Amino acid sequence: MKERIQKVLARAGVASRRASEDLITQGKVFVNGEKITQLGYKVDPEEDEVVVEGQNIKINKNKIYILLNKPTGYVTTLKDPQGRKTVIDLLKDVPTRLFPVGRLDLNTEGLLILTNDGDFTYKLTHPKHQVKKTYIALVKGIPDQRGIRRLQKGIELEDGMTAPAIVRIIQKFKNSAKVEVVIHEGRNRQVRRMLAAIGHPVLSLKRTKIGNLNIGNLKTGEYRLLKPEEVRELLQS
């Protein structure tokens with residue numbers, strides 16, 4: 001049965017669906033020897049020869065879902081042109097090509113999912129599904145209720161108004177505070193920018209939950225396979 005080429009690439013574990021679309025438009029995908037740049041192009045993965053950047057692509061029917069407690073100092077990409085360490089470097093005994101579900105920036109740690117299931121990635125990262133993500137931020141100073149309410153209502157950033165967030169202070173110190181922020185958007189460095197916008201720059205940031213999936217007792221740099229029921233619950237979230 002024929003399917004859209006970007007969906008086939010995602011199911012094969014080449015990249016997420018969005019990243020697969022970029023590979024197509026950049027002219028890096030060939031079907032039966034012909035360069036394909038049309039996103040709606042359909043192929044039969046059982047019959048057609050699909051080649052991406054010189055490698056034959058086959059559908060991997062064994063889906064893998066990994067929960068990683070990402071340390072700071074690692075970029076959330078498969079390769080980094082600047083030669084920095086990537087989250088893939090942490091997966092020492094995983095023979096299957098995986099890609100991250102969403103991103104955490106270089107200096108953010110915490111819960112990151114990696115998989116070879118493109119459909120799963122699409123469902124968790126597309127804005128229309130509004131999957132909640134929970135962060136714990138250590139911020140400079142102690143936010144007042146006015147600042148918290150601004151975040152709860154939505155705050156204007158340079159790329160537009162954010163959706164309302166769930167925000168609460170969970171611990172106060174002399175010159176700083178720990179703040180829990182729950183959002184469902186996935187803009188670049190969004191939590192950092194939101195807190196900076198109310199005058200409280202982030203000193204450290206950790207993602208602790210996606211949907212109802214909690215990082216638990218997983219140590220920094222460690223990872224484990226997700227249980228089937230955890231995958232199902234994430235898709236339902």
Side-chain angles (χ1 to χ4, degrees), residues 6 9-10 12-26 28 52-55 60 64-118 120-127 131-139 157-159 162 181 183-196 201-211 213-216 218-226 234:
Q6 60 264 41
L9 295 181
V14 173
S16 69
R17 197 179 303 189
R18 289 181 184 177
S20 294
E21 290 176 352
D22 290 339
L23 290 171
I24 295 165
T25 56
Q26 291 167 9
K28 297 180 179 180
V52 179
E53 296 183 316
Q55 293 190 351
N60 187 343
I64 295 177
Y65 310 88
I66 283 179
L67 168 59
L68 168 71
N69 187 348
K70 175 193 172 296
T72 59
Y74 286 78
V75 292
T76 311
T77 56
L78 300 182
K79 296 179 182 178
D80 183 62
Q82 300 178 41
R84 295 172 296 182
K85 296 177 289 186
T86 77
V87 291
I88 303 300
D89 296 330
L90 295 166
L91 308 182
K92 301 299 184 184
D93 57 353
V94 181
T96 304
R97 177 188 171 113
L98 304 178
F99 47 86
V101 179
R103 291 177 181 270
L104 290 176
D105 65 51
L106 180 70
N107 295 317
T108 299
E109 61 180 314
L111 195 159
L112 182 69
I113 299 172
L114 299 104
T115 184
N116 58 351
D117 186 342
F120 174 88
T121 300
Y122 176 78
K123 289 172 182 174
L124 255 65
T125 56
H126 197 282
V131 178
K132 292 181 179 179
K133 295 166 283 259
T134 303
Y135 297 82
I136 302 296
L138 177 66
V139 301
L157 300 178
E158 60 270 24
D159 53 355
T162 67
V181 181
I183 60 174
H184 62 73
E185 297 175 292
R187 304 188 202 182
N188 185 41
R189 298 172 64 84
Q190 182 173 341
V191 173
R192 292 179 183 274
R193 292 189 291 134
M194 288 169 62
L195 290 164
V202 169
L203 302 174
S204 64
L205 185 62
K206 181 173 185 175
R207 182 159 68 190
T208 57
K209 290 177 68 177
I210 296 179
L213 179 66
N214 197 304
I215 202 164
L218 203 62
K219 295 180 181 178
T220 302
E222 291 185 344
Y223 58 91
R224 67 170 177 84
L225 291 173
L226 288 182
L234 281 168

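Remember, predicted model here, so these are calculated numbers, not experimental data.
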### Query
Looking at OG1 of Thr125 and CZ of Arg103, how far apart are the two atoms once the value is rounded to the nearest 0.5 Å?
11.0 Å

### Message
Rounded to the nearest 0.5 Å, what separates atom CD1 in Ile66 from atom CD1 in Ile113?
### Response
11.0 Å

### Any residue meeting side-chain hydrogen bond (donor to acceptor under 3.5 Å, both in side chains) with Arg224, in chain and number order, not counting sequence neighbours
Glu230

### Set of ring pair (Phe, Tyr, Trp, His ring centres under 6.0 Å) partners for Tyr122, sequence neighbours left out
His126

### Query
Tell me, which pairs form a salt bridge (Lys or Arg N to Asp or Glu O under 4.0 Å) where one or both residues lie in residues 81-93, sequence neighbours left out?
Asp80-Arg84

Would you list the atom pairs, donor with acceptor, under 3.5 Å between side chains in residues 71-79 and any protein atom, with sequence neighbours excluded?
from, atom 1, to, atom 2, distance (Å)
Thr76, OG1, Leu104, N, 3.3
Thr76, OG1, Leu104, O, 2.6
Thr77, OG1, Lys79, O, 3.1

### Query
In chain order, what residues pass the ring pair (Phe, Tyr, Trp, His ring centres under 6.0 Å) check against Tyr65, with sequence neighbours excluded?
Phe120

### Query
Does the side chain of Leu226 come within less than 4.5 Å of Thr115's, by heavy atoms?
no

### Query
Can you check side-chain contact (heavy atoms from CB on, under 4.5 Å) on Leu114 and Tyr223, steps first, answer last?
CA-CA 10 Å; Leu114 299 104; Tyr223 58 91; over 6 Å; no

### Query
What is the distance from atom CG of Leu203 to atom CG of Asn107, rounded to the nearest 0.5 Å?
12.0 Å

### Query
Quick one: do the Thr108 and Arg192 side chains pair a donor with an acceptor below 3.5 Å?
yes

### Query
Is a donor on one side and an acceptor on the other found under 3.5 Å between the side chain of Arg207 and the backbone of Leu111?
yes

### Query
For Lys206, what residues pass the side chain to side chain contact (heavy atoms under 4.5 Å, CB included) criterion, not counting sequence neighbours?
Asn69, Glu109, Thr208, Ile215

### Query
How far does CG of Leu157 sit from CD of Gln190, to the nearest 0.5 angstrom?
7.0 Å

#### Entry: Distance (rounded to the nearest 0.5 Å) between Asp159 CG and Asn188 CG
8.5 Å

### Query
To the nearest 0.5 Å, how far apart are CG in Leu91 and CG in Leu68?
6.5 Å

